[in-house]
Each structure stands twice: as C-alpha cells, then as structure tokens.
Amino acid sequence: MPEVPEYTQTLNDLLSTAANDWAPKDRLAIVTALRAQRELWNREQTIGSRKRVTSNQVGANGKKIEAGVAVRKGGKKLNLAGLKL
Amino acid sequence: MTSILHYNAIEDTIVEADPTTSSFPLIPLSRHEHNNENGSFKDGVQFAWDSTSLGTFKTCPRKYYYEIVMGYQHKVLPPALAFGIAIHLLFQTWHQLLAADVDKETALLNCVRLAGLLGEKLPAGDTARRKEQLIRACVWYLDQFWDDPAKTVILSTGKAAVEYSFTLPLFEQDGIEIFLCGHIDRFAKWGGRVLAADYKTSKYQLDQKFFGKFKPVTQFPIYVIAAHLIAAETQELASTDGILLDGIQVGVNFNRYNRHVIPFSPEEINEYIEGLHYWIGRGMDCCKTGTFPMNEESCGNYGGCDFREICNKPPARREAYLKSGWIQRTWDPLQSR
C-alpha cells in the first residue's frame, strides 16, 4: 500500500479561518505563503505559461504542493486497515 | 450614540466606538450609513460639490436625483465598490502606521489582519473580490512598493497626508458661494514634486487603455484644482501638476500593479474650471426647478445603470420599487473622513 503523505496545510486553509482569531504567527504564515505564491506566479509568467497558482497549491510553509500529491485533512494518520482501497 | 466594531491598528485589538467621531488608529470594520440632513444642500440646491455628485449629474440628471438628492442606493453594495473601499482603507492604514513610527513588518501584519476582517464583510457575487483576493492585493502591493520612491507627505501634525478631506471655496454662482469638496487618497513626493495619488482596481489589464480612461475625467482635475488651492492656503503642501495613479489588477489567483503619472497643465485646468462653472450651474438649475431629466444615452454604460430597473417602470410605480429594494443614505461631500 502506498504511503499516505502527511497533510500539508495550505494557504487556502490559513485564509479560511476567522481573521478575528489570527495570532501574529498565523499572519506571518499567511504573508510567507502569499509571498511564495507571488514568486511562483511570477515564475510562471516569466516562462510564458498561463498556469494558475491557486491558494490550494501553496503550503503554509511557502512550498509549492505539486499536482498529484495526495493530501488529507485532519493532521492525523487515518486508520486504513480493513478497508478495500 | 451608534457603536460599531473598529480595529485599533496600533494596539492590534478590536473595540467598539462611535463611527462619527472615531479616527486613526481606529478603523471602522463596517460602513456607517446615516440619513441625516444633507449639509451640502441649501434650500434644495446643492452648493458643495464633489466629483461623485458632479460626475453623477453629468452622467444623468435623473440618476443624480435618485442617488445624490434622494440618497437611494442598493441594500447591498456592489462588490467592486466594496472591494475598492476596503483597499483604500488598507493602504490608508499602512501609511498612517508608518507615520506613527510602527515598523514595516508589524504594520504589514496588522494590515493583514485588517484585510481579513474587512474581507469577511465583502458582499458575495464576485469571485475576484473576496477575502482572499483582498489580502493578496494588500500583501503583494506592499511587497511591490516596500521601498516606495513615492514618499507620503507628512503634515505638520505629524500625520500622513492620506484620505485628505478638503472643502474649498471655488466661485460664486447666482449669488451662492460654491465649494469644491473631496478626499484625496494620498499626497506623495516623487521625482522632486508633489502629486495627488489615487488607487484604482480593475479586473482588466493595466495597459494604455486602462490609464486612458482617466483623462479626461471628472475626478482628477478636481484634485489638481484642490491641491493648488490647498497649497495657496496652507503652505503645507506644494501645488501639484498631476495624479500618481496606482492601477491594481485583481484576478482570482493573482494581482498586477502598474503606476502612471497623469499630467494636467494649467491650461487644461483652466478649461476644466470653465466646465465646472457650466455643469455646476446646470445642476443647480435642476435643483431649483425640480426637473431632473433622464439621459437615456447613459443607461447602458458600464454594464447598465442601477436605476434602469426603476426608470423602466411607469412613473407612478417607481417610488414603490425604490422603497422596496433600496435604502436611503446621505451622500454629503462636506463630511470629512
């Protein structure tokens, strides 16, 4: 069975939470991720690609989440034993 | 006293305050609409004019009647207008924070929180103008202009010259003193001169066609005239000969920015002042006679006038339609921000 990768929190996850609850570290993560998104988008523009860089494709750590990499929400490993996958 | 929630941009807290008296560092988190008597009218005639009321009159006297004289507006703000208001508040706050000696990184983090709070109140209906897009527009813009060569003018009070409200005597028309009013987004020093700066958002490319829309236009010559008058009166700001226009293209997943200076020569300004005499005179005539004819040629412009759904009803039924789907608020150019 292929290993399920750890869930990567995305920019979209960060932005989906209430701004009222944002601590400075949350805002810093948002800024980091938005700066990364800008850099990735600029790169696409430079090579003439029309690819979008959505907030789901940028991790809260500022890293790009490659297409096709499975992610799962919740932050805990699912118990897949006994399921017909 | 009406209290609404405000964001204290320096202390990074949310507090309740009276929106009619609150000022920086308190930033209102929702719009306070009032329906008080309109101070810019006397005996039913408008004597204090800003670019919104003048532009609306030029577009269509009937639209002016509904929107400015009667104060009708949709119950929900159009998303483009709401987004533009939020962007202006964010950049105004940024410049005010820097003038208050808050370091840039802290100012950015506080603006991000403010963008989130304002973004959560944006009306639905436009996927390019939601919370995510507002925060992105703010962060990417501030990154692009982190070391902005256009320096915000600091007034003698120590405050940034942003959202600068003015009410200036302009000329007399039929024995009535006419005032020119408005709010200039920012005064900035750039290339050895002072410019009145403005922000405009668009979904479209920021090309020559975009910037070409802003000359001729009603709004900017008014700012240049105002800057001349303010410079003569206060000695605090130098006279300006142009507008520093920051265009902001908003997409669902990206933003682009472009900056142009739109120059106005003294000859052009004199020509605009002649136009002001003419149009303000016509507006006052309409107010005096109570006659506000439709300009049917404007009904389809910019995606269609909001009041088309009223004007296309029989005259006797229009009032009922206005009462059911619209709210009334006072658009008073004399109100400072």
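Just so you know, these numbers come straight off a predicted model, no measurement behind them.
Only the side chain of B:Val139 comes within contact range of chain A, judged by heavy atoms closer than 4.5 Å. When heavy atoms are compared at a cutoff of 4.5 Å, A:Arg52 approaches chain B solely by way of its side chain, counted from C-beta outward. Heavy-atom distances place the side chain of B:Leu108, and not its backbone, under 4.5 Å from chain A. Of the two parts of B:Asn110, the backbone and the side chain both hold a non-hydrogen atom closer than 4.5 Å to a non-hydrogen atom of chain A. Proximity to chain A (any heavy atom under 4.5 Å) is restricted, for B:Arg256, to the side chain, taken from C-beta onward. Looking at B:Leu109, both its backbone and its side chain come within 4.5 Å of chain A, counting heavy atoms on both sides. Looking at A:Gln37, the atoms closer than 4.5 Å to chain B (heavy atoms on both sides) sit in the backbone and in the side chain alike. For a residue to count as touching a neighbouring chain, one of its non-hydrogen atoms must lie under 4.5 Å from one of that chain's; by this rule A:Trp22 touches chain B with backbone and side chain alike.
Closest approach of B:Asn253 and A:Val53 over heavy atoms only: CB-O, 3.8 Å. A:Ala19 approaches B:Glu120 most closely through the heavy-atom pair N-OE2, 2.7 Å.
Counting non-hydrogen atoms of neighbouring residues, nucleotides and ligands closer than 6.0 angstrom, the CD atom of A:Glu44 exceeds 12 such neighbours. For B:Lys159, the NZ atom counts as loosely surrounded, since its 6.0 Å shell holds 12 or fewer non-hydrogen atoms of other residues, nucleotides or ligands. In the displayed structure, B:Lys215 atom NZ is contacted under 6.0 Å by more than 12 heavy atoms of other residues, nucleotides or ligands. Counted within 6.0 Å of NZ on A:Lys51, heavy atoms from surrounding residues, nucleotides or ligands total 12 or fewer; the atom is thus considered open. The number of heavy-atom neighbours closer than 6.0 Å to NZ of B:Lys151, taken from other residues, nucleotides and ligands shown, is above 12.
Atom CZ of A:Arg35 sits about 4.0 Å away from atom CG of B:Asp143, to the nearest 0.5 Å. For the atom pair NZ (B:Lys131) and OG (A:Ser16), the distance works out to 7.0 Å, reported to the nearest 0.5 Å. Residue A:Ile30 holds its CD1 atom at 5.5 Å from CD1 of B:Ile135, rounded to the nearest 0.5 Å. Between atom CZ of residue A:Arg27 and atom CG of residue B:Asp12 there is a gap of 4.0 Å, rounded to the nearest 0.5 Å. Between A:Leu28 atom CG and B:Glu105 atom CD the span is 8.0 Å, to the nearest 0.5 Å.
The shortest distance between side-chain heavy atoms of B:Glu132 and A:Asn12 falls below 4.5 Å.
Although no hydrogens or angles enter the test, the distance criterion places a donor-acceptor pair under 3.5 Å between the side chain of B:Trp140 and the main chain of A:Leu34.
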